[in-house]
Amino acid sequence: MATSFTSAFHTSNFKSLVREKDALHASGVPRNNVGFFRKKVVCKESRIGKQPIALPSNVSITLEGQGLKVIGPLGELSITYPREVKVEEESGSLCVRKALDTRKAYQMHGLFRTLTDNMVIGVSKGFEKKLQLVGVGYRAAVEGNDLVLNLGFSHPVRMPIPKEMKVKVEESTRITISGYDKCAIGDYAAAIRRWRPPEPYKGKGIRYADEVVRLKAGKAGKKK
């Protein structure tokens, strides 16, 4: 009895769906497209991407297709843009625009505008990243072209300093990394920090100068 009632219910629902589909087809909607309407994605302009990049007087650029080379007093950098993005020079500034009206182009727009701006600032003014060593016996020093770190291991850690960077150590615990490539500076600073990340109980380790380390409460002593 229950089976026959269920089959009758499904049959009636199927017939009603067919009637609705026929009604839509009769009103001019193609039969194959019924139930498959897709909302059109409208990609707006990125607020960051649409801002022009001012070119200082001591910076020169070279545009070749999808490639850009930026030359300044501190060095030179180059980048290749994907097909979703294009760059143009207009009245002493660079403008990064979308070449396609897709979601990926919208995502790439702001990213590559920021990367281009970092290149211009890097070759003209430069960037720097500061690290702080916290812990008893933790020391740093520059020996030749190496950064030597004493971090409580059985041996000192030696890290070669890239040619495009300068590393300065103050008071044996403060490290300053400077250069014109912001990405390379960030990678090198992260590699240094990776040797001794700040531990969460006493905060010992290597941290960025502006980093806030949230400390955990230690285990409470046994109550008497």
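All residue numbers refer to positions in the sequence shown, counting from 1.
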Could you tell me the separation between the [atom1] atom of [X] and the [atom2] atom of [Y], rounded to the nearest 0.5 Å?
{"X": "R193", "Y": "I206", "atom1": "CZ", "atom2": "CD1", "value": "9.0 Å"}
{"X": "K129", "Y": "S178", "atom1": "NZ", "atom2": "OG", "value": "13.5 Å"}
{"X": "I53", "Y": "C95", "atom1": "CD1", "atom2": "SG", "value": "8.0 Å"}
{"X": "L68", "Y": "K86", "atom1": "CG", "atom2": "NZ", "value": "15.5 Å"}
{"X": "I71", "Y": "S124", "atom1": "CD1", "atom2": "OG", "value": "13.5 Å"}
{"X": "R47", "Y": "H109", "atom1": "CZ", "atom2": "NE2", "value": "13.0 Å"}

List for me each residue that meets salt bridge (Lys or Arg N to Asp or Glu O under 4.0 Å) alongside [X], sequence neighbours excluded, and say none if there are none.
{"X": "K50", "result": "none"}
{"X": "D117", "result": "R113"}
{"X": "E199", "result": "none"}
{"X": "R83", "result": "none"}

ILVMFWY cluster, [X] and [Y] together (side-chain gap under 4.5 Å):
{"X": "V123", "Y": "F127", "value": "no"}
{"X": "Y180", "Y": "I79", "value": "yes"}
{"X": "I121", "Y": "L111", "value": "no"}
{"X": "F112", "Y": "Y106", "value": "no"}
{"X": "I175", "Y": "W195", "value": "yes"}

- All side-chain contact (heavy atoms from CB on, under 4.5 Å) counterparts of Q132, not counting sequence neighbours: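 By the side-chain contact (heavy atoms from CB on, under 4.5 Å) rule, Q132 matches V134, T173, R174, R207.
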- Just jot down the side-chain contact (heavy atoms from CB on, under 4.5 Å) partners of K163, sequence neighbours excluded, or say none.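 Partners of K163 under the side-chain contact (heavy atoms from CB on, under 4.5 Å) test: none.
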- Would you check, one step at a time, whether the test side chain to side chain contact (heavy atoms under 4.5 Å, CB included) holds for K69 with E76? CA-CA 7 Å; K69 182 183 290 186; E76 68 176 61; 3.9 Å; yes
Pairing residues for [X] by the side-chain hydrogen bond (donor to acceptor under 3.5 Å, both in side chains) criterion, not counting sequence neighbours:
{"X": "R97", "answer": "E88, E90"}
{"X": "E164", "answer": "none"}
{"X": "Q51", "answer": "none"}

Would you be so kind as to tabulate the donor-acceptor pairs closer than 3.5 Å made by side chains of residues 143-162, with sequence neighbours excluded?
| residue | atom | partner | partner atom | Å |
| --- | --- | --- | --- | --- |
| E143 | OE1 | R158 | NH1 | 3.3 |
| E143 | OE1 | R158 | NH2 | 3.4 |

Compile the donor-acceptor pairs under 3.5 Å between side chains in residues 57-66 and protein atoms, sequence neighbours left out, one pair per line.
| residue | atom | partner | partner atom | Å |
| --- | --- | --- | --- | --- |
| Q66 | NE2 | Y81 | O | 3.4 |
| Q66 | NE2 | P82 | O | 2.7 |
| Q66 | NE2 | V85 | O | 2.9 |

- Item | salt bridge (Lys or Arg N to Asp or Glu O under 4.0 Å) contacts touching residues 177-189 (sequence neighbours left out) |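 Sorted result for residues 177-189: empty, none.
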- Task: For L215, look at atom CG and say whether over 12 heavy atoms of other residues, nucleotides or ligands are found less than 6.0 Å away.
- Result: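 Yes.
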- Over all atoms of both residues, closest heavy-atom pair of Y208 and A190: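 Answer, listing the atom of Y208 first, then A190: OH-CA, 3.6 Å.
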- Item | Heavy-atom closest pair, residues V167 and V142 |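 Taking V167 first and V142 second, the nearest heavy atoms are O-CG2, 3.7 Å.
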- Would you check if P56 and V120 make a side-chain contact, meaning some heavy-atom pair closer than 4.5 Å?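 Yes, at least one pair of side-chain atoms sits under 4.5 Å.
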